[in-house]
Amino acid sequence: MNKNSEKIIISTYNHKGLYFAVGVSEQEGNILKSSIPKTRKKDVISEISDSFSSFKVSDKYENLAKSLCSAYHGKKTQFCFNIYDGTPFEKNVLEKVMKIPYGEVRTYKDIAETLGTRAYRAVGMALKRNPLPIIIPCHRVVKSDLSLGGYKGGTNMKKNILKMEGVHIVNDKIIKSMYG
DNA sequence: CAGGCTCTTCACA
DNA sequence: TGTGAAGAGCCTG
């Protein structure tokens with residue numbers, strides 16, 4: 001895995017035993033990477049820092065890490081960010097997923113079709129490598145039978161985030177009215 | 001449920 | 001550069 005050479009600042013936020021972290025470019029203040037919440041601080045920091053050759057930890061962007069926490073808890077939250085890495089295909093996927101409205105859901109198939117391809121599985125791969133989990137709402141992408149599908153942080157976490165956004169889920173399936 | 005289809009990416013030669 | 005395997009999926013029988 002080749003690393004981004006940009007210098008970043010990592011800030012964390014702790015809420016009820018869960019740590020959140022963001023990696024922000026020192027130069028421009030863009031969010032380049034976010035973490036899946038974890039129970040140990042060093043784990044969220046390494047999830048971020050692993051993608052970069054140079055970093056430092058400070059509380060400068062603690063407010064952003066806090067926003068990440070809010071978003072995780074189903075609060076509508078806006079972020080300013082850019083996507084620092086990835087193939088054109090991956091960027092196209094992330095761009096479509098960014099546009100899924102809060103509290104709604106789309107399928108891997110939908111995303112593939114709007115990109116004019118049948119690479120359903122490749123859409124999943126692209127989301128697996130989403131550098132901005134939660135901020136880019138890959139948890140709003142599910143399987144075409146409206147069962148949940150996979151998630152980097154575990155399907156249980158995917159289910160919980162969706163529930164907190166007000167999506168109705170019964171027997172691990174999205175109920176149709178939530179599917180825009 | 002099994003098996004084939006579809007495509008992108010990665011590993012390894 | 002070239003080939004093969006692996007995937008957060010989909011469809012048909």
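Just so it is clear: chains get the letters A, B, ... in the order the sequence lines come, proteins before strands, and each one is counted from 1.
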* **Close approaches to DNA chain C from residues 88-95 of chain A, in residue order (heavy atom, under 4.0 Å)** => none
* To do: Looking at every strand, decide which applies to Lys143(A) at a 4.0 Å heavy-atom threshold: base, sugar-phosphate, or nothing.
  => sugar-phosphate
* To do: Would you please indicate yes or no on a ring centroid separation below 6.0 angstrom for Tyr13(A) and Tyr72(A)?
  => no
* **Distance in angstrom units between Tyr151(A) OH and dG7(C) C1', rounded** => 18 Å
* To do: Give one of base, sugar-phosphate or nothing for Ala122(A), where a contact means two heavy atoms less than 4.0 Å apart.
  => base
* To do: Decide, yes or no, whether a salt bridge links Arg140(A) with Glu165(A) under the criterion of side-chain N to carboxylate O below 4.0 Å.
  => yes
* Spacing of Asp172(A) atom CG relative to dA8(C) atom P, expressed in whole Å -> 18 Å
* Secondary-structure notation, DNA chain B, from Watson-Crick and G-U pairs under 3.5 angstrom (| other strand) -> |||||.|||||||
* Would Ile83(A) end up clustered with Val123(A) when hydrophobic side chains under 4.5 Å apart are linked, directly or stepwise? -> yes
* Spacing between Leu115(A) atom CG and dC10(C) atom P, to the nearest angstrom -> 14 Å
* Separation of atom CE in Met125(A) from atom P in dC7(B), rounded to whole Å -> 16 Å
* Taking atom types as modelled, find out whether Asp110(A) and Tyr120(A) have a side-chain donor-acceptor pair closer than 3.5 angstrom. => no
* To do: Find the distance between CD1 (Ile31(A)) and OG (Ser67(A)) and round it off to the nearest 0.5 Å.
  => 8.0 Å
* Asked: What orientation do Phe20(A) and His73(A) show, parallel under 30°, tilted 30 to 60°, or perpendicular over 60°?
  -> tilted
* To do: Check the hydrophobic clustering (I, L, V, M, F, W, Y; side-chain heavy atoms under 4.5 Å; chains of links allowed) and say if Ile100(A) and Tyr108(A) are grouped together.
  => yes
Polar-atom pairs under 3.5 Å, protein N or O versus N or O of nucleotides 11-13 of chain C: list them with distances, or write none.
| unit_1 | atom_1 | unit_2 | atom_2 | d |
| --- | --- | --- | --- | --- |
| dC11(C) | OP1 | Lys109(A) | NZ | 2.4 |

* **Arg121(A) vs Arg129(A), nearer the 5' end of DNA chain B by closest nucleotide** => Arg121(A)
* Asked: When you check the phosphate oxygens OP1 and OP2 of dT9(B), does a side-chain N or O of Thr87(A) lie under 4.0 Å from one of them?
  -> yes
* Asked: Please give, in whole Å, the distance from dG9(C) P to Leu146(A) CG?
  -> 14 Å
* **Leu127(A) reachable from Met98(A) in the ILVMFWY side-chain graph, under 4.5 Å edges** => yes
